[in-house]
**Q** 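Handing you a structure now.
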Amino acid sequence: MSYSVVWFKRDLRVHDHAALHEAIKKGPTLCLYLIEPSLWSTNCVATQHYHFLLESLRDLYKEIKRCGSVLHVVTGEAVEVFDRLYHLKPFHLLCSHEETGDAVSYERDRAVARWCRQRSIAWSQSKQFGVTRGLKDRDHWKKHWDQHIRQPCIPVPTTIQGTPLPWHEPPPPNAAELRLDPHDPPLRQKGGRHLALAVLGTFLNDRSTQYRGGISSPLSAPTACSRISAYLAFGCLSLREVMQATTQKMQELTPGNAWHKKGLAAFTSRLHWHCHFIQKLESEPEIEFQNMHRGYDGLRENDWNAEHFDALVAGKTGWPLVDACVAMLRETGWLNFRMRAMLVSTAAYPLWLDWRPVGQWLARQFLDYEPGIHWSQLQMQSGTTGINVPRIYNPLKQAQDHDPNGIFVRRWIPAMQRVPDSWLFEPWKMPVSLQQKHDVAIGDDLGRPVVDLATATRVAKQKLFELRAQTQVRAGKSAIVRKHGSRKGLRITKKKTLVAPPPQQDLLDF
Ligand SMILES: Cc1cc2nc3c(=O)[nH]c(=O)nc-3n(C[C@H](O)[C@H](O)[C@H](O)COP(=O)(O)OP(=O)(O)OC[C@H]3O[C@@H](n4cnc5c(N)ncnc54)[C@H](O)[C@@H]3O)c2cc1C
């Protein structure tokens, strides 16, 4: 008797799982998760991702068991495993969700598609986000997003008629066997759907009251933000269920809870952004490696400065807020949006570092690494998209605005506890006698800036703005807007011309 295979990928749940739903309608189903060594050998993953995955798989295993079946976790490359399975126990339908991943997973999917075609196996890929495959331009993107998000969530199946794997599979390898980067922050979030639901619940019912006004400061953000990003990246939650639960919560709130409601409304706009950014990688996978606007090629690539990069990665740039963010990332695997943007902006402008190696390092640091959001944001904050107004964050001003009393920097950099308040933002300027008095050695306990912030930023801005002003660079912009640009604030005329709103002032916070 034939059966279908459900290939779990970054969708580790049984609730609102279109691929599982489709397979079980047809009869016996083999639930499969693949640990693919090639996917775990890229520069963008670390032990924290693998451990979060295993924690999530344990939850998924229990959920599938409750439906009367078994999750089979197999180690091997996708085509090899499917081929072995097919020879031992032929199947004719493979069901999974569409995945917008990095280059390795994209190539893997193309190889699986070829393999399926050669054996006349149908591979059905369902949509899991508001991301549209094969989209020509962005004009009707929002309509597609709404259509997907408004459909009712698919309930958890009551039973799954399982079928056994035709071989005995050993337990999954450990992180060392996969030769993973050992980075696993001691305070990172743990994986699994039951924790995902608990985090979402506390956010919707309570923490979202702090969302407005609380998400920018690194002090309030860890509780004010939803903290669901890793659960979305691994698919422990479906975006649709999060959006629908949020809408329902907003409807339940009384007029007296207007602030809470506004917080939730701001949160829903982020859920749009989630897909808006992933769509960019879906439509142009090359943006993982190439500048979105090719006119920016050569801007920084040939100026790589290992000393600057090492100082950044070690948390020794000397700028306390930057170094504290690196320390927090090392310990927790998470940072809020503004601090991520400031880190990348510091790397891209005063330190003049190319976004690719910086992005690979950060991907290993961010537990919620989501290629579509990550690479689009890296390029946006580095000024290489050609369509976004460059945002250059001054780490000293950010510290004055968001950590004026030094609570954050002193929490994450112990030596800062010995620095008097008057030197909080520029500790490297402390006279040696004062350093001795307070037992702080600049260049040892705390970093000494590798560049003068104001001068290096001015030079960087000059280089970027000179390039932006070139005729051919300006001319390349409209094609990128058509392909990737948000239509918010733009008018589309009958002749499909995009009419932009009046130009904004550049958002430089110097
Ligand atoms: C350089 C850089 C790299 C980033 N890399 C990632 C990444 O790899 N994975 C990732 O999920 N987010 C990334 N972000 C976006 C954002 O910082 C995180 O989504 C957010 O901090 C996660 O915390 P949260 O779930 O509490 O966010 P909330 O503010 O509660 O937002 C809820 C959800 O909305 C989405 N979202 C929020 N902000 C953005 C945004 N600016 N762009 C797109 N989607 C957004 C995320 O899915 C997030 O989980 C990056 C931002 C920058 C500046």
Side-chain angles (χ1 to χ4, degrees), residues 10 44-46 48-49 52 100-102 128-131 145 149 188-189 196 199-200 202-204 207-208 210-218 220-243 245-246 263-281 287-288 312 325 328-329 332-348 353 355-356 358-385 388 391 393 398 484 486:
R10 296 198 296 140
C44 294
V45 284
Q48 64 165 335
H49 301 110
F52 190 96
T100 308
D102 54 18
Q128 85 155 330
F129 295 133
V131 172
W145 193 90
I149 295 295
R188 74 161 165 83
Q189 291 177 282
V199 170
L200 179 64
T202 61
F203 175 71
L204 293 181
R207 294 184 292 114
S208 46
Q210 307 159 39
Y211 198 76
R212 276 176 72 103
I215 62 174
S216 293
S217 163
S220 48
T223 43
C225 291
S226 71
R227 308 299 306 274
I228 61 165
S229 50
Y231 299 113
L232 285 176
F234 284 80
C236 304
L237 294 171
S238 97
L239 189 84
R240 179 158 54 192
E241 77 172 313
V242 174
M243 188 68 189
T246 309
L264 289 174
F267 170 68
T268 59
S269 69
R270 265 64 176 192
L271 299 178
H272 278 87
W273 293 359
H274 169 277
C275 303
H276 164 76
F277 281 100
I278 296 179
Q279 184 70 56
K280 294 175 197 259
L281 187 69
I287 63 168
E288 183 184 342
L312 180 69
C325 284
M328 175 172 163
L329 254 187
T332 70
W334 185 85
L335 261 187
N336 60 325
F337 172 79
R338 182 172 281 264
M339 293 302 112
R340 292 185 199 208
M342 183 205 63
L343 263 190
V344 175
S345 162
T346 305
L353 293 169
W355 55 267
R356 299 163 184 89
V358 173
Q360 290 179 345
W361 163 62
L362 285 176
R364 295 194 298 277
Q365 302 294 307
F366 294 158
L367 178 63
D368 58 25
Y369 171 54
E370 173 64 60
I373 303 178
H374 191 71
W375 294 114
S376 308
Q377 282 290 350
L378 252 297
Q379 293 221 35
M380 191 167 153
Q381 307 304 338
S382 304
T384 54
T385 65
N388 302 103
R391 293 182 182 192
Y393 295 83
Q398 290 297 313
H484 295 297
S486 161

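In listed order, ligands and their atoms are each counted from 1.
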**Q** Tell me whether His272 contacts the main-chain N or O of Thr268 through its side chain, where contact means a donor paired with an acceptor under 3.5 Å.
**A**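 Answer holds: yes.
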**Q** So between Ser376, Cys275, Ser229, whose heavy atom ends up nearest atom 19 (O) of ligand 1?
**A** Ser229
**Q** Please determine if Asp368 and Arg227 form a salt bridge, counting it only when a charged side-chain N lies under 4.0 Å from a carboxylate O.
**A**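 Judged by the 4.0 Å cut-off on N to carboxylate O distance, Asp368 and Arg227 do not form a salt bridge.
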**Q** State whether the side chain of Asp102 and the backbone N or O of Pro371 hold a donor-acceptor pair below 3.5 Å, judged by distance alone.
**A** no
**Q** Among all protein heavy atoms, pick out the one at the shortest distance from atom 9 (N) of ligand 1; state its residue, atom name and that distance to 0.1 Å.
**A** Asp368 O, 2.9 Å
**Q** Look at atom 8 (O) of ligand 1 and say which protein heavy atom is nearest, naming residue and atom and giving the distance to 0.1 Å.
**A**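 Its nearest protein heavy-atom neighbour is Glu370 N, 2.9 Å.
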**Q** Are Thr385 and Gln379 linked by a side-chain donor-acceptor pair shorter than 3.5 Å?
**A** no
**Q** Pick one of side chain, backbone, both or neither for how Phe337 approaches ligand 1, counting any non-hydrogen atom pair under 4.0 Å.
**A**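 Under 4.0 Å from ligand 1, Phe337 contributes backbone and side-chain atoms.
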**Q** Hey, does the side chain of Ser382 reach the backbone of Ala348 with a donor-acceptor pair shorter than 3.5 angstrom?
**A** no
**Q** Report, in ascending order of atom number, the atoms of ligand 1 lying under 4.0 Å from any heavy atom of Tyr369.
**A**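 Counting atoms of ligand 1 from 1, those under 4.0 Å from Tyr369 are 8 (O).
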**Q** Taking the basic N atoms (NZ, or NE/NH1/NH2) and the acidic carboxylate oxygens, is any pair closer than 4.0 Å for Arg356 and Glu288?
**A**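 The answer is no: the pair does not qualify as a salt bridge.
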**Q** Which residue owns the protein heavy atom closest to atom 45 (C) of ligand 1, what's the atom, and how far is it?
**A**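 Ranked first by proximity to atom 45 (C) of ligand 1 is Arg270 O, 3.9 Å.
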**Q** What do we get for Leu335 next to ligand 1 when only non-hydrogen atoms under 4.0 Å count, side chain, backbone, both or neither?
**A** backbone
**Q** Ring of Phe52, cation from Arg188 - is the NZ or CZ under 6.0 Å from the centre and inside 45° of the axis?
**A**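 Judged by the rule (NZ or CZ under 6.0 Å from the ring centre, within 45° of its axis), Arg188 is not positioned above Phe52.
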**Q** With a 4.0 Å cut-off on heavy atoms, is Ile373 touching ligand 1?
**A**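 Flag set, Ile373 near ligand 1.
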**Q** Need the ligand 1 atom indices (1-based, order shown) with element for anything under 4.0 Å from a heavy-atom of Val344.
**A**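 So the atoms of ligand 1 that pass are 1 (C).
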**Q** Counting heavy atoms only, name the option from Ile278, Leu271, Leu200 that's nearest to atom 33 (C) of ligand 1.
**A**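 Going through Ile278, Leu271, Leu200 one by one, Leu271 has the nearest heavy atom to atom 33 (C) of ligand 1.
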**Q** Suppose we measure from atom 26 (O) of ligand 1 to each protein heavy atom; which comes out shortest, and what is that distance?
**A**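 Checked against all protein heavy atoms, atom 26 (O) of ligand 1 sits closest to Arg227 N, 2.7 Å.
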**Q** Treating Ser208 as the side-chain partner and Leu264 as the backbone partner, does any N or O pair qualify as donor plus acceptor under 3.5 Å?
**A**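 Not confirmed, Ser208 side chain does not pair with Leu264 backbone.
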**Q** How does Trp273 reach ligand 1, by side chain, by backbone, by both or by neither, if only non-hydrogen atoms under 4.0 Å count?
**A** both
**Q** Heavy atoms only: which of Gln377, Arg340, His374 lies closest to atom 13 (C) of ligand 1?
**A** Arg340
**Q** Does the residue Ala341 have a heavy-atom contact with ligand 1, meaning some pair of atoms that are separated by less than 4.0 Å?
**A**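 Contact present.
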**Q** Can you tell me how far apart CZ (Phe277) and NE2 (His484) are? Round to the nearest 0.5 Å.
**A** 11.5 Å
**Q** Looking only at protein heavy atoms, which one is nearest to atom 32 (C) of ligand 1, and what is the separation?
**A** Phe267 CE1, 3.4 Å
**Q** To check your reading of the model: name the closest protein heavy atom to atom 27 (O) of ligand 1, its residue, and the distance in Å.
**A**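 Going atom by atom, the protein heavy atom closest to atom 27 (O) of ligand 1 ends up being Ser226 OG, 4.1 Å.
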**Q** Give me the nearest non-hydrogen protein atom to atom 23 (O) of ligand 1 as residue plus atom name, then the distance to 0.1 Å.
**A** Trp334 NE1, 3.0 Å
**Q** May I ask you to identify the nearest protein heavy atom to atom 47 (O) of ligand 1, giving residue, atom name and distance to one decimal place in Å?
**A**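 The closest heavy atom on the protein side is His274 CD2, 3.2 Å.
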**Q** Please enumerate all residues that pass side chain to side chain donor-acceptor pair (under 3.5 Å) together with Arg207, with sequence neighbours excluded.
**A** Thr202
**Q** With a cut-off of 4.0 Å, which atoms of ligand 1 are near a heavy atom of Tyr211?
**A**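 In order of numbering, the contacting atoms are 28 (P), 29 (O), 30 (O), 31 (O).
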**Q** Looking at the rings of Phe234 and Tyr369, which for Trp means the six-membered one, are their centres under 6.0 Å apart?
**A** no
**Q** Test your reading of the model: is there a side-chain donor-acceptor pair from Gln48 to the backbone of Arg364, 3.5 Å cut-off?
**A** yes
